[in-house]
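Written below as structure tokens is the structure these notes are about.
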2 protein chains.
Amino acid sequence: MPRRLPNLNQLRAFEATARHLSFKDAASELFVTQAAISHHVKALELDFGHQLFQRHGREISLTEEARRFVADITPALDQIAEATATLKSKGLTGTLKLSMAGFLADRVVRPRLAEFKALYPELQLEFSYSRDIVDFSTVEIDAAVIYGEGTRKGLASIVICNERVPVCSSSLMEGLELPVSAEQIARLPLATTKGHTTGWLDWFSAAGIDDTSSLNFIEFETGGHTLDFATTGDGVALVADFPLIQHELSTGALVIINPLTITRDYGIYLFFPETQNPDPKILAFADWLKSVAAQIQAG
Amino acid sequence: MPRRLPNLNQLRAFEATARHLSFKDAASELFVTQAAISHHVKALELDFGHQLFQRHGREISLTEEARRFVADITPALDQIAEATATLKSKGLTGTLKLSMAGFLADRVVRPRLAEFKALYPELQLEFSYSRDIVDFSTVEIDAAVIYGEGTRKGLASIVICNERVPVCSSSLMEGLELPVSAEQIARLPLATTKGHTTGWLDWFSAAGIDDTSSLNFIEFETGGHTLDFATTGDGVALVADFPLIQHELSTGALVIINPLTITRDYGIYLFFPETQNPDPKILAFADWLKSVAAQIQAG
DNA sequence: CGACTCCCATTAGAAAAACTAATGAAAGGT
DNA sequence: ACCTTTCATTAGTTTTTCTAATGGGAGTCG
């Protein structure tokens, strides 16, 4: 007799909801909207012929049967997750040599190294620092994380995050209301890295402002400096909607002053030499880095 | 840290394949085509970055890592299936009083009673026999399984199976090749239950034959009799593609002589009095009966 | 040896499922 | 009383999944 399983996507939605006791939070964990979760849970309740949650206004609680049911399936899902992690990491041993800008390593990768180690226990990461692309033929590097355009000759690339939003310090916001209009932003000092004003030009173009002659750019050596400039309240930076600024956003040191996000070629990419079969270690790292980005964007 | 799960539908496909060591058989277990399984497994292999099966011509075998992985996830899926079964059956206690034609009870339901009991251990079934709908206001019956039209005034209905195919004994097939053309079938004796020639008329209409004046109908009291008639080689019966004839088909006593299947209003339905909230016991039984039908049609 | 059969792979397109945006409704907080 | 928060629902879109058709390779049988 073949095994009879419920719809497993619905099951996952239910389990996440049960953990959070919130449709909204479950939705954010699974990177979907609250409506999607609501649909899933409702379908599951219909299938099972039992209520799974009691709804009291904006609160929900598990029914007696549902409580028992989660207790049964949670370890099962854990086991699947663990077996999957083990399988994925299998064979990924050795060292992956990465090049990236210092502020990316400091702010994004290193603080989460433990998490990465848990997923790929036998994989060592080695860092070297370069804000720009390296020459793979002369430097012994497997892959490079670059904040820039997504295509380079002879290199394969994987998008990590190509959405960018304008941020500034809350102190600069005095007297202004969120969202700050693009016209107002155009009058503020705009931080960029040297020679990379394209991002801002794209952003204003997306905001419907084409006269960019009067923009006031302040150029810096590194992306970290543009962030510092914004953080100290001296101007606005255009940054990837990425773990980069997670801490600052949550403490309120930085604020997204206009929700307009541009998705252009300019963003964070992982580059590596083009081959038929890319090194699985690189793919694993790219996969992980993307998940880090996704986690943040989901709030 | 949110749990990271693989696509669970792909996982189910993989697990079924691993049990059967066959894409084809896994497909049939899951009621899909072989291509669907192939896609799922391939996607999983891509996600994991590992081959899961070695392909040797038409044989497949598990890779070493995959073997380990199945061993990990199989108990997890078992546990989910079991927890689901428990939850579904919860609260379904007492007795469900069913009315159905004798041959349906004898051929379909009773041989599988043990299976039903396993799913709903606290639910008793009681049978009474009627080929036609009963008057729910006078007879103490919860639901009726009827071979007929799918809509009756004041009653809700659930389709169990509304596909019908022509069958006859292999002895009648002497000198004919499968599939037998509709024109040839039109010359054979056609068994129906009394006053229900609609099924055959629909079938011939679907086959493109509109002149039904010369058809040779033999009418019987019960559906069982039309099957007997076909089994003894005296003519052709039009039956639901359903467990009814499973045994006869597998032994070769009956043969589907033309694959044309009609899906019309006439079929097997579960009827019960229309209410706002149907008795979950009825829904559970309908659910199970549908699964029995699906199992057979998948071969 | 060659035709045949049996599976798996691949493709393009169809069908179904999942998801979203928008909006409503209920309850809690201010 | 008003605003905020959260779940529900609807209709429509997007994405995923599935299928039908077809090709290829490896056994099998005459």
Side-chain angles (χ1 to χ4, degrees), chain A residues 5-47 51-63 66 159 163 177-178 259-261 263 290 294 297-299, chain B residues 5-47 51-63 66 159 163 177-178 259-261 263 290 294 297-299:
Chain A
L5 289 166
N7 182 310
L8 293 169
N9 295 322
Q10 290 168 8
L11 196 72
R12 161 162 46 187
F14 161 69
E15 192 272 348
T17 309
R19 255 184 298 115
H20 294 287
L21 285 180
S22 155
F23 284 51
K24 182 175 164 291
D25 293 350
S28 128
E29 168 175 328
L30 299 175
F31 309 133
V32 295
T33 59
Q34 168 267 122
I37 302 293
S38 178
H39 286 309
H40 276 316
V41 170
K42 195 183 173 197
L44 212 52
E45 288 181 325
L46 198 70
D47 177 24
Q51 287 261 124
L52 293 169
F53 294 102
Q54 275 132 8
R55 280 82 162 169
H56 332 87
R58 62 176 143 172
E59 304 253 303
I60 59 172
S61 63
L62 283 162
T63 62
V159 189
E163 306 199 319
E177 276 209 4
L178 286 175
L260 178 65
T261 302
T263 307
K290 274 192 286 188
Q297 279 174 43
Chain B
L5 288 166
N7 180 312
L8 293 170
N9 295 321
Q10 290 169 6
L11 197 72
R12 159 161 50 186
F14 161 69
E15 192 272 347
T17 309
R19 256 185 296 115
H20 293 288
L21 285 179
S22 156
F23 284 51
K24 185 176 162 288
D25 294 351
S28 130
E29 168 175 327
L30 299 175
F31 309 133
V32 295
T33 59
Q34 169 267 118
I37 302 291
S38 178
H39 286 311
H40 277 316
V41 171
K42 195 182 172 195
L44 258 197
E45 288 181 324
L46 199 70
D47 177 23
Q51 286 262 126
L52 293 169
F53 294 102
Q54 276 131 7
R55 281 81 163 168
H56 332 88
R58 61 175 142 173
E59 304 252 300
I60 58 171
S61 63
L62 283 162
T63 62
V159 189
E163 305 199 321
E177 276 208 3
L178 286 174
L260 178 64
T261 302
T263 306
K290 275 192 285 189
Q297 280 175 41

Nearest-0.5 Å distance that lies between atom CZ in B/Phe14 and atom CZ in B/Phe53 = 5.0 Å
Approximate separation, where rounding is to 0.5 Å, of A/Ser22 OG and A/Glu59 CD = 10.0 Å
task = When you get a sec, tell me which of D/dC7, C/dC6, D/dA20 is the closest nucleotide to the side chain of A/Phe23?
result = D/dC7
query = Between C/dA9, D/dC18, C/dC7, which one does the side chain of B/Lys24 approach most closely?
reply = C/dC7
Could you tell me whether the phosphate oxygens of [N], OP1 or OP2, come under 4.0 Å of any side-chain nitrogen or oxygen in [X]?
X       : N      : value
B/Ser38 : C/dC8  : no
A/Lys42 : D/dT9  : yes
B/Arg55 : D/dG25 : no
A/Asn9  : C/dA18 : yes

Residue mapping more 5' on DNA chain C - nearest nucleotide basis, A/Gln10 or B/Ala35 = B/Ala35
inquiry  = Quick check: on DNA chain C, is the nucleotide nearest A/Val32 upstream (toward 5') of the one nearest A/His56, or the reverse? Name the residue that is more 5'.
reply    = A/Val32
ask   = Are any non-hydrogen side-chain atoms of B/Arg12 and B/Asn9 less than 4.5 angstrom apart?
value = yes
Measure [atom1]/[X] against [atom2]/[N] and give the value in whole Å, please.
X       : N      : atom1 : atom2 : answer
A/Leu62 : D/dC7  : CG    : P     : 13 Å
A/Arg12 : C/dA18 : CZ    : P     : 11 Å
A/Leu44 : C/dA18 : CG    : P     : 11 Å
B/Arg58 : D/dG25 : CZ    : C1'   : 10 Å
A/Leu8  : D/dT16 : CG    : P     : 18 Å
A/Leu21 : D/dT6  : CG    : C1'   : 13 Å
A/Gln34 : D/dT9  : CD    : C1'   : 10 Å
B/Phe53 : C/dC8  : CZ    : C1'   : 12 Å

ask   = Who are the side-chain hydrogen bond (donor to acceptor under 3.5 Å, both in side chains) partners of A/Glu15, not counting sequence neighbours?
value = A/Arg19, B/Arg3
Touch class at under 4.0 angstrom, heavy-atom based, for [X] against every strand present:
X       : value
B/His40 : sugar-phosphate
A/Ile37 : nothing
B/Asn7  : sugar-phosphate

message = Once hydrogens and angles are ignored, does a donor-acceptor distance under 3.5 Å link the base of D/dT19 to the side chain of B/His39?
response = yes
Test item: A/Thr17 side-chain N/O and A/Ala13 main-chain N/O as donor-acceptor pair under 3.5 Å = yes
